[in-house]
Each structure stands twice: as structure tokens, then as C-alpha cells.
Amino acid sequence: MNYQIPKGTQDILPGESERWQYIEQKARQLCERYNYREIRTPMFEQTELFARGVGDTTDIVQKEMYTFKDHGGRSITLRPEGTAAVVRSYVENKMHGWAEQPQKLYYTGPMFRYERPQSGRMRQFVQFGIEAIGCEDPAIDVEVMALAMDFYREFGLNNVKLVINSLGDQSSRKAHRDALVRHFEPSIDEFCSDCKERLETNPLRILDCKQDSDHPLMADAPSILDYLNDESREYFETVKSQLDSLGIPYEVDPGLVRGLDYYNSTAFEIMLEGEGFGAISTLSGGGRYNGLVEDIGGPQAPGIGFALSIERLLMALDAQGIELPIEHKLDAYVVVMGDVAKQKAVQVVHHLRKDGYRVEMDYLNKKMKGQFKAADRLGASYTIVIGEDEVNAGTVNVKNMHSGEQKTVGFEEISNTIESSL
RNA sequence: GCGGCUGUGGCGAAGUCGGUUAACGCACCGGAUUGUGGCUCCGGCACUCGUGGGUUCGAAUCCCAUCAGUCGCCCCA
């Protein structure tokens, strides 16, 4: 039997895992600066949480959830996204009562969606996301977008584009929805079957349909921006002017519709323009979810957040040929000749590691040449040769692999010799 | 759920109008260089050609099935 990794998952091996660590570390540092604190929630939740939170009409809930019964007969679902779980935790732990408001939280970890994998789309993928719950102020919307854009700037990614829209509040959405139905209903027979259904369930999504995108009714379909009431419009204007004042460029796309039901008001995506990135261009997405906390049984508490995929960031970095500054070079490699020397070498290695150096030695009884090759391949700054002669003399031979220079020093001087030369 | 492409040593791959010993490169091991790496040269190890069946004197090559990977559609991070 050959065991194989499940479809749509990946092993992250040494060489690659360092890139993940680097990115995660940058994300944490960024959150610290913006004063977001980490929250860790389980990787699975009651199925009902996602059905209610994400929305019954979404593709995620209808066909992409990993759902199973546990031994107690409960329906469990592997989390397909982060927000619903964070909001559940916020409500359950009564974080609305904590002194610090709004609650500014971040998370990172695997999400699961049952889909056909392709470039930039895995069944298990890792998201980093933030949520700011407990206030509705354009400044926090802008903060979330600024953090998201800052994140990509950390890595020197080019051609990153912020696209924003407003989905309006409840009354704006209702007016827009009615207008959409009036617009499409007379000719709905000319549209695809999905769109016919969308007319009933969520007419906004018709605008997002790729199949019918050329239909003449699409071009002059009512724009949400024309149906925003005064409050919603003013809110959106403030968001835009604050983005302007921070010098964050953006594009308004009235067709930007997010895929999850809980979004309203400010919505945004970060896209990557340019070649070499497959069919996927969305790096991250987010928006405001006023009303979600109440839906999940909490108090009235507006929120906003965003999530990004680490996989897609890595793809984007690769597409642009950006290397992360990752060092995993050895300080020293201990070359051993003979059994007597080996005992001594084990001690030397141990002490150097205690002194804080990154040190390796040979465990395969290779010949000297092979050991030097290994040292070279591992990028060791120094090799420390220990043979019988050295053991007898109480010394070792320290070689600077860069200059080729060698010197003989006593056991106690090894650390200092290395340090003074570094 | 639907469609395209791919599957040959540890890795990357040539070979695919069927024909004897399945190239080449990288890696690895040994030697030139008895205790000193990177460069060079010489030699060596290693492939059930994804799996199962079929056609044929003969199959990596053709046919069927199956599994896996990958890319795309839908949708999304």
C-alpha cells in the first residue's frame, strides 16, 4: 500500500517551511503595530454556525463544506473561513463586555473547502485574517485596508491593487435588490439557469455571473452606488477620502460582490495585476459585516475584517521572482577523523550549540572529503577538524571556509575563535 | 459537478508512425588528490516506463479501464 496525501492538500517541507515561518512572523509583527491580538479558535465548529453565519445560499455552504457526524451524532464542519468562528467566540466569551473596544483580533491557520483543486486553490489552505468588532467608523474600515495593503508591501510585491465598493446598509440593499429584480425579471429567460435562481435568492450575484456577462442588460444594470441612502453614501465617501489622505490608491468597482452573505457596507478585494499568476487574481478579500454578531446570538455589534491566503501570496512572490531573505547557514561543521575523535567531536558540538552557534557534524562516517563537501553544501562558515592528532594535542583545527585560512586552537578557545572572526 | 493536458531512475527529462542493450542532465558514491570543500576530468550506482487488462511474433509507444497529478470552468482566499 502506498499512502498518499489527500487531494488538494500539501506537505510543506524544509526549504519551504522557512518561507511560511517568515511570512507568519511578518504578519504577527504587523498586527502588533496595529494593535491586533491573536485569537485561536478550533478548526471545526458546529455545522449550523457556518450555515447561519456564512449563509445558506452561498456556494461554500451548499457544496464546499467538509461536514461529518462525530461519535456523539453531532454535525461537525471543518471551518471553511475564519470570521464566523471568531464572531462565535466573541459572543460566547462575551468579549463585547471587555474593557478594550473595539475588539481587534487576528488569526492564522488552515481552512477547508471541498473543491476541485487548481492553481491557487487548495482543499486545505492557510488564511491570515483580522477582525475589528464593536464599532462602525470609517476610520477602522480604512485601518483594516491599510493593514492589508501594508502586509503585501512588507514583501515588496508589485502591481497590488485595492478594489472597493459599498454594498450599502439594509434599506439601501433592499432598494437596490428591488431595482435589480425589476431590471432583469422581464428578460430572465435569456439568462443561465443559475441566474434564474439568483433572481429569487440573491439578485446581486447575477452581476457576478461570467456566463451572462455579455448580455446587454448587464451593462446598464442598476448600480448599488445609485441606491445608497444618504447615510451609506456619506459613510462610503468618508472611507474614500480617508484612503486618499493616507495616499492609498484604490479603484471603485460597483460590480464587486463578495461571496458570503454576511457582507454589507464597505467591501474590498486586493488583486494582483500582471502575468504568471494563473487564473486567480484575488489575493485577499474582506468587508463589513454589520448584523452578523446579532445573527449569531450576540448583541448589536458591527464588525469588519479581511482574510488573505498565504498560498496565494507565495504564488505571487514566485510570479514576481521575489526571494524572501531566509538564512539557514551553519556557523560551523565539525569534521571527524576516527572513533577516538568522534567522542571529542560530540562534546565540541554540544558545547558550541550551548554557546548559541548553529553547528552540525557527520553521522555517516564519511571520509574527510565527503565531510568537507557536506560542510560546504550546508554553507558552514567554519569547519572544525578533529582527528587523533588533535585529541592527543588537546587542540582542534579551525578553518575559515570563506578565506581558506586555518589555525590550531585549544578546545576552550573554539567559541572565541569563531566569534572573533564572525 | 464539467472539460483539457500529463504520469519514464531520488529529481528534471528524451524516446510515443510498435522492433534488440530505455538517452541526457542534476543528485549520490568512488578515484585523479593517503587528513581538507567549492572548479575540472575519469569511473560507478540506480528506472516493475502510474496500475490492471487487451491487440501483436514483439508494447514505454496502439486500444480499453482505472488511479494519481496538474491546469481551466463554476465559485472563491
Side-chain angles (χ1 to χ4, degrees), chain A residues 1-10 54 57-64 79-83 108-129 148 192-195 198 205 208-213 256-260 263 268-272 277-287 305-316 330 333-338 341 362 364 366-390 396-406 408:
Chain A
M1 181 65 191
N2 289 321
Y3 294 105
Q4 259 185 314
I5 195 169
K7 185 192 276 287
T9 64
Q10 62 177 333
V54 177
T57 69
T58 61
D59 277 14
I60 290 181
V61 171
Q62 283 186 351
K63 51 186 194 190
E64 295 175 2
R79 63 182 182 192
E81 59 98 50
T83 302
T108 181
M111 306 294 165
F112 308 84
R113 293 183 198 172
Y114 188 86
E115 299 183 89
R116 282 295 293 272
Q118 70 184 67
S119 181
R121 190 172 63 194
M122 297 272 123
R123 287 185 175 178
Q124 175 175 329
F125 57 101
V126 176
Q127 283 192 341
F128 158 65
C192 73
S193 58
D194 282 345
C195 282
R198 288 175 183 135
R205 298 279 295 282
D208 217 19
C209 182
K210 304 290 186 291
Q211 242 178 303
D212 295 321
S213 59
L256 175 68
V257 177
R258 308 257 44 247
L260 312 182
Y263 285 115
F268 69 96
E269 280 184 13
I270 294 174
M271 326 263 284
L272 188 73
F277 195 50
I280 306 284
S281 60
T282 303
L283 290 175
S284 57
F306 93 102
L308 63 84
S309 137
I310 308 279
E311 286 85 354
R312 289 188 183 176
L313 168 63
L314 285 165
M315 281 178 69
L330 283 183
Y333 188 99
V334 175
V335 172
V336 194
M337 297 295 293
D362 171 63
L364 298 175
K366 282 189 192 160
K367 293 185 181 176
M368 179 164 247
K369 178 178 172 156
Q371 295 188 48
F372 266 92
K373 269 193 157 173
D376 190 54
R377 194 171 41 240
L378 292 168
S381 301
Y382 291 89
T383 49
I384 296 163
V385 179
I386 308 178
E388 273 187 51
D389 297 348
E390 283 79 5
V396 298
N397 182 285
V398 176
K399 175 171 180 178
N400 180 321
M401 292 295 272
H402 223 66
S403 65
E405 180 190 351
Q406 302 189 46
T408 301

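Owing to the predicted nature of the structure, the values given are computational and were not obtained by experimental measurement. In the text below, chain A, chain B and the rest are named by the order of the sequence lines, each starting its count at 1.
- Taking atom P in both B:G38 and B:G30, the straight-line distance is 13 Å, to the nearest Å.
- Among the atoms of the strands shown, only primed sugar atoms or phosphate atoms (P, OP1, OP2) are found under 4.0 Å from some heavy atom of A:Leu283.
- Each salt bridge (charged side-chain N to carboxylate O under 4.0 Å, His left out) pair with one or both residues in residues 377-390 of chain A, not counting sequence neighbours, would appear here, but there are none.
- Here, B:G25 and B:C63 have their C1' atoms 34 Å apart, quoted to the whole Å.
- Checked by distance alone, A:Lys399 brings a side-chain donor or acceptor within 3.5 Å of a matching partner on the base of B:G37.
- The nearest whole Å value for the distance from the CD atom in A:Gln127 to the P atom in B:C76 is 13 Å.
- Rounded to the nearest Å, the gap between the P atom of B:G52 and that of B:G9 is 15 Å.
- For A:Arg113 against B:A77, a side-chain-to-base donor-acceptor contact under 3.5 Å is present.
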Polar-atom pairs under 3.5 Å, protein N or O versus N or O of nucleotides 27-30 of chain B: list them with distances, or write none.
{"unit_1": "B:C28", "atom_1": "OP1", "unit_2": "A:Arg377", "atom_2": "NH1", "d": "2.4"}

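- Using a 4.0 Å cut-off between charged side-chain N and carboxylate O, A:Arg121 and A:Glu115 make a salt bridge.
- Taking atom C1' in both B:C39 and B:G58, one finds a spacing of 48 Å when rounded to whole Å.
- Contacts of A:Glu390 with the nucleic acid, taken as non-hydrogen atoms under 4.0 Å apart, include base atoms.
- No contact: A:Met111 has no heavy atom under 4.0 Å from any strand.
- Every residue was checked against the side chain to side chain donor-acceptor pair (under 3.5 Å) condition with A:Asp362, not counting sequence neighbours, and none meets it.
- Atom NE2 in A:His402 sits roughly 17 Å away from atom P in B:G37 (whole-Å rounding).
- Scanning atom types as modelled, one donor and one acceptor separated by under 3.5 angstrom connect the side chain of A:Arg312 and the base of B:C76.
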N/O contacts under 3.5 Å, protein versus nucleotides 41-46 of chain B?
none

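- Residue A:Gln406 is classed as a base contact, given a heavy-atom separation below 4.0 Å to a base.
- We find that CZ of A:Arg121 is positioned 10 Å from P of B:C76, with the value rounded to whole Å.
- Comparing B:C47 with B:G53, their P atoms sit 22 Å apart, to the nearest whole Å.
- One C1' atom belongs to B:C57, the other to B:U20, and the distance between them is 14 Å to the nearest Å.
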Distances for protein N or O near nucleotides 49-51 of chain B N or O, under 3.5 Å:
none

N/O contacts under 3.5 Å, protein versus nucleotides 2-5 of chain B?
{"unit_1": "B:C2", "atom_1": "N4", "unit_2": "A:Arg116", "atom_2": "NH1", "d": "2.9"}
{"unit_1": "B:G3", "atom_1": "O6", "unit_2": "A:Arg116", "atom_2": "NH2", "d": "3.1"}

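- With a cut-off of 3.5 Å on both Watson-Crick or G-U wobble distances, the partner of B:U34 is given as none.
- Using atom P as the reference point in both B:G10 and B:U51, the two lie 13 Å apart (nearest Å).
- A:Gly120 comes within contact range of at least one nucleobase, with a heavy-atom separation under 4.0 Å.
- To the nearest whole angstrom, the two P atoms, one in B:A60 and one in B:C42, are 32 Å apart.
- Under 4.0 angstrom from either OP1 or OP2 of B:A68 there lies no side-chain N or O belonging to A:Gln4.
- Seen from the ring of A:Tyr114, A:Arg123 counts as a face-on cation partner, given the 6.0 Å and 45° thresholds.
- Note on A:Glu269: nothing from the nucleic acid sits closer than 4.0 angstrom, heavy atoms only.
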